[in-house]
2 protein chains.
Amino acid sequence: MLTSVDPDVIRVLGDPLRLKIVTLLARETLCTTHLVEETGAKQTNLSNHMKVLREAGIVETEPCGRFTYYKLKPEVLAGLSEQFAELAASARTAAENKRACP
Amino acid sequence: MLTSVDPDVIRVLGDPLRLKIVTLLARETLCTTHLVEETGAKQTNLSNHMKVLREAGIVETEPCGRFTYYKLKPEVLAGLSEQFAELAASARTAAENKRACP
DNA sequence: CTCTCACATCACTATCTGCTGATACCAGCA
DNA sequence: TGCTGGTATCAGCAGATAGTGATGTGAGAG
């Protein structure tokens with residue numbers, strides 16, 4: 001089945017800074033301070049983006065004393081991967097399915 | 001290797017209407033008239049989105065008389081799928097890689 | 001040739017979105 | 001209990017973006 005991908009998750013990942021955050025978090029679990037160092041972005045800006053990522057269900061927070069650790073939810077990325085794979089597979093056969101000119 | 005995904009392609013796919021177009025094109029090759037029928041969007045609006053999709057390298061155009069057929073480039077979607085799969089795989093091991101609090 | 005139709009481009013507007021500084025909140029430490 | 005440092009929230013602004021109507025272009029049909 002061609003389960004249409006959720007536009008919201010993709011839109012959230014479409015921002016360059018957020019995608020960088022996700023790439024960093026794919027390597028290790030980090031807290032905001034680390035992300036500030038790695039990305040060079042302001043803390044406020046990062047906090048906003050982390051909120052967006054959290055509300056999109058892409059990351060989870062894990063308080064650790066005064067720090068907040070962020071970890072990726074791999075199943076979300078895996079789901080995206082699968083849905084894009086389905087789209088790609090379907091697209092390969094779509095070349096012959098040309099609807100007649102109206 | 002953790003090849004970072006291209007934010008531009010993802011951002012382009014993040015728009016609901018564009019994602020719907022891509023989903024439709026994954027099923028069959030269509031021209032603008034068909035897309036207007038299927039999506040209910042104005043022709044001008046669709047033309048704008050098709051331009052964005054074309055410039056992002058996601059679709060190809062194929063003139064057919066007065067009509068313009070759009071077809072997906074499956075390799076782009078397949079590439080996305082692969083990159084998200086890599087991110088997901090890396091994220092699964094990242095839970096243990098917790099950097100120490102600063 | 002002229003008209004029609006499919007599509008692209010232009011100009012404009014309303015809205016959204018990312019970034020920032022100021023500030024509030026909250027946990028641990030002295 | 002007051003202080004400090006890490007994080008979240010708020011308000012505001014500038015730039016980006018989606019949508020729309022008017023218009024241009026180009027290929028076929030009559």
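Atoms considered below: every heavy atom in the structure, side chains included; atoms not considered: hydrogens, waters and symmetry mates. Per chain, numbering begins at 1; letters A, B, ... match sequence-line order.
- In this structure, of D:dT9, D:dG19, C:dC7, it is D:dG19 that holds the atom nearest to the side chain of B:N48.
- Nucleic acid contact class of B:Y69 (heavy atoms, under 4.0 Å, all strands): none.
- Using the six-membered ring where Trp is involved, B:H34 and B:Y69 have ring planes that are tilted, between 30° and 60° apart.
- Nearest nucleotide to the side chain of A:F67, out of D:dG6, C:dA8, C:dG18: D:dG6.
- Nearer the 5' end of DNA chain D, as judged by each residue's closest nucleotide, is the contact made by B:V52, out of B:V52 and B:Q43.
- In this structure, the side chain of B:T39 engages the main chain of B:L35 through a donor-acceptor pair within 3.5 Å.
- In terms of polar N and O atoms assigned as donor or acceptor, the side chain of A:T44 comes within less than 3.5 Å of the base of C:dA22 in a complementary pairing.
- Distance CG (A:D15) to P (C:dT17): 11 Å, rounded to an integer number of Å.
- When distances are taken from the side chain of A:R18 to each of C:dG18, C:dA8, C:dT9, the shortest belongs to C:dG18.
- For residues 32-42 of chain B, proximity to DNA chain C is found at B:T32, B:T33, defined as any non-hydrogen atom under 4.0 angstrom from a strand atom.
- We find that B:R99 and A:E28 are joined by a salt bridge, their nearest charged nitrogen and carboxylate oxygen being less than 4.0 Å apart.
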Contact letters for nucleotides 24-30 of chain C, in which S counts primed atoms plus P, OP1 and OP2 and B counts the base, heavy atoms under 4.0 Å: ---BS--
